[in-house]
Colleague: 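Questions regarding the structure given below will be posed in turn.
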Amino acid sequence: MASRGVMNMGALASRANRMRTKLQSTLEASVLEIEDVSHQHSGHAAMRESEYSGGETHFNLKIVSPKFEGQTLVKRHRMVYDLLSDELQSGLHALSINAKTPQEVAPK
């Protein structure tokens, strides 16, 4: 029987992996960094009372995609939120997004 900590590690990987798959397949990202920062929020009242208190609730996302060309920052964020709507409905509580085009990160 696995310990609670081991099960949480598997769960952490699964949400991040699902997010990575959805974002990569649709947005064709050249950079995709997903950082789980749930541990920074574990003491917050809403998280303590939540069924998701084991983690996988707060992520930082850095994504570079050609699909963002010509899109406003708000539209880029909406694209990401739309792709992750299932995750947002199932416990993803907060997502910090840094969304750029390849030209915006290219050396000048």
Side-chain angles (χ1 to χ4, degrees):
M1 178 175 209
S3 72
R4 181 180 173 99
V6 172
M7 291 189 323
N8 284 342
M9 287 302 290
L12 289 173
S14 66
R15 184 179 307 273
N17 284 339
R18 288 192 308 269
M19 290 169 56
R20 182 175 306 284
T21 299
K22 291 172 186 176
L23 294 168
Q24 185 64 50
S25 65
T26 303
L27 297 178
E28 301 168 7
S30 58
V31 174
L32 182 55
E33 298 175 10
I34 301 172
E35 177 186 17
D36 184 348
V37 293
S38 302
H39 65 279
Q40 296 173 351
H41 304 273
S42 62
H44 297 180
M47 294 298 100
R48 281 195 314 268
E49 297 166 6
S50 166
E51 64 184 278
Y52 307 107
S53 60
E56 293 193 284
T57 56
H58 295 70
F59 288 87
N60 291 336
L61 171 67
K62 179 179 179 182
I63 183 167
V64 177
S65 169
K67 303 276 184 162
F68 295 147
E69 290 290 342
Q71 304 298 329
T72 65
L73 184 59
V74 170
K75 177 63 176 168
R76 295 173 190 188
H77 283 219
R78 284 185 184 149
M79 292 167 71
V80 170
Y81 284 125
D82 287 347
L83 288 170
L84 299 179
S85 62
D86 290 347
E87 300 299 333
L88 289 160
Q89 295 296 317
S90 66
L92 176 58
H93 178 74
L95 187 61
S96 172
I97 303 171
N98 182 335
K100 304 277 186 187
T101 67
Q103 288 73 24
E104 290 171 333
V105 298
K108 296 180 181 182

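Excluded from the calculations below are hydrogen atoms, water molecules and symmetry mates; all remaining heavy atoms, backbone and side chain alike, are included.
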Colleague: Testing the basics here: between S90 and R15, what is the closest heavy-atom pair and its distance to 0.1 Å?
Modeller: O-NH2, 3.0 Å

Colleague: Going by side-chain hydrogen bond (donor to acceptor under 3.5 Å, both in side chains), name the residues that satisfy it together with D82, two or more places apart in sequence or in a different chain.
Modeller: none

Colleague: Connecting only ILVMFWY residues whose side-chain heavy atoms lie within less than 4.5 Å of each other, what is the rest of V31's hydrophobic cluster?
Modeller: V64, V105

Colleague: Hey, does M19 have a side-chain heavy atom less than 4.5 Å from the side chain of L61?
Modeller: no

Colleague: NE2 of H58 to CG of L95: how many Å apart, nearest 0.5 Å?
Modeller: 10.5 Å

Colleague: Locate the shortest heavy-atom distance separating Q71 from K67; write the atom from each residue and the value.
Modeller: CG-O, 3.8 Å

Colleague: Can you measure from NE2 (H77) to CG (N98) and round to the nearest 0.5 angstrom?
Modeller: 7.5 Å

Colleague: Could you go step by step and tell me if I34 and I63 meet the side-chain contact (heavy atoms from CB on, under 4.5 Å) rule?
Modeller: CA-CA 9 Å; I34 301 172; I63 183 167; over 6 Å; no

Colleague: By side chain to side chain contact (heavy atoms under 4.5 Å, CB included), which residues pair with L88, not counting sequence neighbours?
Modeller: Y81, L92

Colleague: Who passes side chain to side chain contact (heavy atoms under 4.5 Å, CB included) against R78, sequence neighbours left out?
Modeller: V74

Colleague: Under 3.5 Å, is there a donor-acceptor pair between the side chain of S38 and the main chain of T57?
Modeller: yes

Colleague: Salt bridge (Lys or Arg N to Asp or Glu O under 4.0 Å): which pairs involve residues 95-108, sequence neighbours left out?
Modeller: R76-E104

Colleague: Is there any side-chain hydrogen bond (donor to acceptor under 3.5 Å, both in side chains) pair reaching into residues 21-35, and which pairs are they, with sequence neighbours excluded?
Modeller: K22-E87, E35-N60

